[in-house]
Amino acid sequence: MTVSKDQAASVPARVLTVAGSDSGGGAGIQADLKTMLALGVHGMSVLTAVTAQNSLGVQGAWELPAEAVRAQFHAVVGDIGVQAVKTGMLSSAVLAATVADLLAELADVPVVVDPVGVSKHGDPLLAADALEVVRGRLLPTATVATPNLDEVTQLTGVVVTDEAGMRTAAEAVLGYGPRWALIKGGHLPDTAEAADLLSDGDHEHWFSSPRHDNRHTHGTGCTLAAAVASYLALGHEVPAAVGLAKRYVSGAIAAGFPLGGGIGPVDHGWRTR
């Protein structure tokens with residue numbers, strides 16, 4: 001089939017998420033695809049694991065075989081192509097290594113690595129033996145790595161207790177090879193604003209937003225990483241992409257709503273409600 005220039009111009013930017021499924025729809029693949037739709041890009045997925053999950057936590061998780069991950073990736077990249085990739089839950093050392101190898105096949109495609117280790121409810125989402133693979137093979141592929149403070153400690157051993165410590169955290173994460181580290185400070189206690197630090201080792205960018213009195217924040221990390229990848233696919237440089245993503249996520253958190261008996265999700269469609 002021949003595609004006209006007008007048709008080609010109307011094709012949205014394409015973003016691929018490599019992550020696990022959240023059956024409750026608040027995080028993981030579901031959050032990523034909702035974010036991508038909200039930001040005007042075409043979202044595609046490589047599923048790494050299936051979770052039985054709801055507002056109360058993760059009741060079970062099952063990995064997909066590495067060959068299934070490879071087949072999904074090559075099916076999408078080989079035919080449709082991608083302009084940015086976001087990774088999330090990778091579960092095991094085998095899957096983390098598989099995804100690192102696949103990302104190495106891509107040239108000049110920005111990659112956002114969300115080193116998911118623990119769910120919002122405290123459930124482990126990354127095996128202990130996968131940490132070394134994430135450090136040594138996955139993070140070096142990242143254009144931007146987006147750990148929260150718990151994930152910083154898990155990856156580097158650095159414990160952050162204040163905003164000044166976020167600089168130390170950024171240096172430690174950058175030591176594993178990503179071009180930029182986005183240290184998310186939302187878990188810091190007793191701060192009037194939620195501040196995130198973006199650093200490449202030479203340049204610092206701080207992004208702050210008001211803290212919202214809303215406990216329904218499930219999917220925040222997935223949503224932010226997917227938003228950064230979406231804005232990179234749309235052609236923004238890293239600092240601008242992070243600033244735009246932060247603005248979108250802040251609105252989604254403010255509009256988060258209750259579901260079930262636990263922590264509800266952020267509202268990915270807040271701009272259209």
Side-chain angles (χ1 to χ4, degrees), residues 1 3-5 7-22 27-50 64-91 95-116 133-134 137-146 177-182 219 221-242 244-245 248-249 268:
M1 181 179 71
V3 178
S4 70
K5 289 183 179 180
Q7 288 174 314
S10 68
V11 174
R14 291 145 289 157
V15 183
L16 177 64
T17 170
V18 183
S21 168
D22 172 3
I29 288 280
Q30 288 83 349
D32 295 343
L33 294 177
K34 291 173 185 178
T35 298
M36 292 168 190
L37 179 63
L39 298 182
V41 302
H42 176 69
M44 305 167 292
S45 62
V46 170
L47 199 63
T48 59
V50 175
L64 268 70
E67 57 266 32
V69 172
R70 283 191 290 266
Q72 292 174 83
F73 183 91
H74 287 136
V76 171
V77 173
D79 175 48
I80 300 171
V82 299
Q83 290 161 288
V85 180
K86 176 257 177 180
T87 72
M89 177 185 176
L90 300 180
S91 186
L95 290 185
T98 298
V99 172
D101 288 342
L102 292 170
L103 293 175
E105 298 176 10
L106 300 178
D108 301 321
V109 174
V111 174
V112 178
V113 171
D114 184 17
V116 176
V133 179
V134 172
R137 297 184 58 187
L138 188 67
L139 286 176
T141 71
T143 307
V144 188
T146 65
R179 283 177 47 206
W180 293 85
L182 177 61
C222 302
T223 300
L224 178 62
V228 173
S230 297
Y231 283 119
L232 290 174
L234 290 168
H236 296 278
E237 297 296 324
V238 170
V242 171
L244 290 165
Y248 168 73
V249 171
H268 299 95

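Since we're looking at a predicted model, the values are computed, not measured.
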Trainee: Taking Ala100's backbone N and O only, do any of them form a donor-acceptor pair with Thr141's side chain (distance below 3.5 Å, no angle check)?
Mentor: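 Not a single qualifying donor-acceptor pair exists.
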
Trainee: Side chains of Val85 and Val18: closer than 4.5 Å at any heavy-atom pair?
Mentor: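 Val85 vs Val18: side chains touch.
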
Trainee: For the side chain of His236 and the backbone of Leu232, is there at least one donor-acceptor N/O pair under 3.5 Å apart?
Mentor: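 No.
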
Trainee: With side-chain contact (heavy atoms from CB on, under 4.5 Å) as the test, would you mind laying out the steps for Val41 and Leu234 before giving the verdict?
Mentor: CA-CA 8 Å; Val41 302; Leu234 290 168; 3.8 Å; yes

Trainee: Looking only at heavy atoms, what is the nearest atom pair of Met44 and Gly81, with distance?
Mentor: CE-O, 3.5 Å

Trainee: Looking at side-chain heavy atoms only, is the closest gap between Val46 and Thr17 below 4.5 Å?
Mentor: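 They are not in side-chain contact.
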
Trainee: Please report the interatomic distance CD(Gln30) to NE2(His268), rounded to the nearest 0.5 Å.
Mentor: 10.0 Å

Trainee: Counting only heavy atoms not in Glu105, do more than 12 sit closer than 6.0 Å to its CD atom?
Mentor: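 Yes, enclosed.
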
Trainee: Distance from Leu39 atom CG to Leu244 atom CG, nearest 0.5 Å?
Mentor: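 Going from CG on Leu39 over to CG on Leu244, the span is 9.0 Å.
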
Trainee: Within the structure provided, determine whether Val238 and Thr143 are in side-chain contact (heavy-atom separation under 4.5 Å).
Mentor: yes

Trainee: Under 3.5 Å, is there a donor-acceptor pair between the side chain of Arg14 and the main chain of Ile80?
Mentor: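 Confirmed, Arg14 side chain pairs with Ile80 backbone.
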
Trainee: Do Gln83 and Val15 come within less than 4.5 Å of each other through their side chains, counting heavy atoms only?
Mentor: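 Not in contact.
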
Trainee: With the side chain counted from C-beta on, respond yes when Asp101 and Arg137 share a heavy-atom pair under 4.5 Å apart, and no when they do not.
Mentor: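 Answer yes - side chains close enough.
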
Trainee: Answer whether the closest heavy-atom distance between the side chains of Leu47 and Ile29 falls below 4.5 Å.
Mentor: yes

Trainee: Between Thr48 and Met89, is there a donor-acceptor pair closer than 3.5 Å when you use the side chain of the first and the backbone of the second?
Mentor: yes

Trainee: Distance from His42 atom NE2 to Leu33 atom CG, nearest 0.5 Å?
Mentor: 9.0 Å

Trainee: When rounded to the nearest 0.5 angstrom, what distance separates OG in Ser91 from CG in Leu64?
Mentor: 10.0 Å

Trainee: Which distance, rounded to the nearest 0.5 Å, do you find between the CG of Leu102 and the OG1 of Thr87?
Mentor: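 Leu102 CG to Thr87 OG1: 11.5 Å, rounded to 0.5 Å.
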
Trainee: Any side-chain heavy-atom pair from Val113 and Leu139 closer than 4.5 angstrom?
Mentor: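 Counting from C-beta outward, Val113 and Leu139 do come under 4.5 Å.
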
Trainee: Are the side chains of Thr223 and Tyr248 in contact, using a 4.5 Å heavy-atom criterion?
Mentor: yes

Trainee: Please identify which of these residues, Leu103, Val99, Val82, Val144, meets the side chain to side chain contact (heavy atoms under 4.5 Å, CB included) condition with Val111.
Mentor: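 Single pass found, and it is Leu103.
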
Trainee: Atom CG of Leu224 and atom OG1 of Thr146: how far apart are they, to the nearest 0.5 Å?
Mentor: 6.5 Å

Trainee: When you compare the side chains of Ser45 and Gln72, does any donor N or O come within less than 3.5 Å of an acceptor on the partner?
Mentor: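 The criterion, which ignores hydrogens and geometry beyond distance, is not satisfied for Gln72 and Ser45.
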
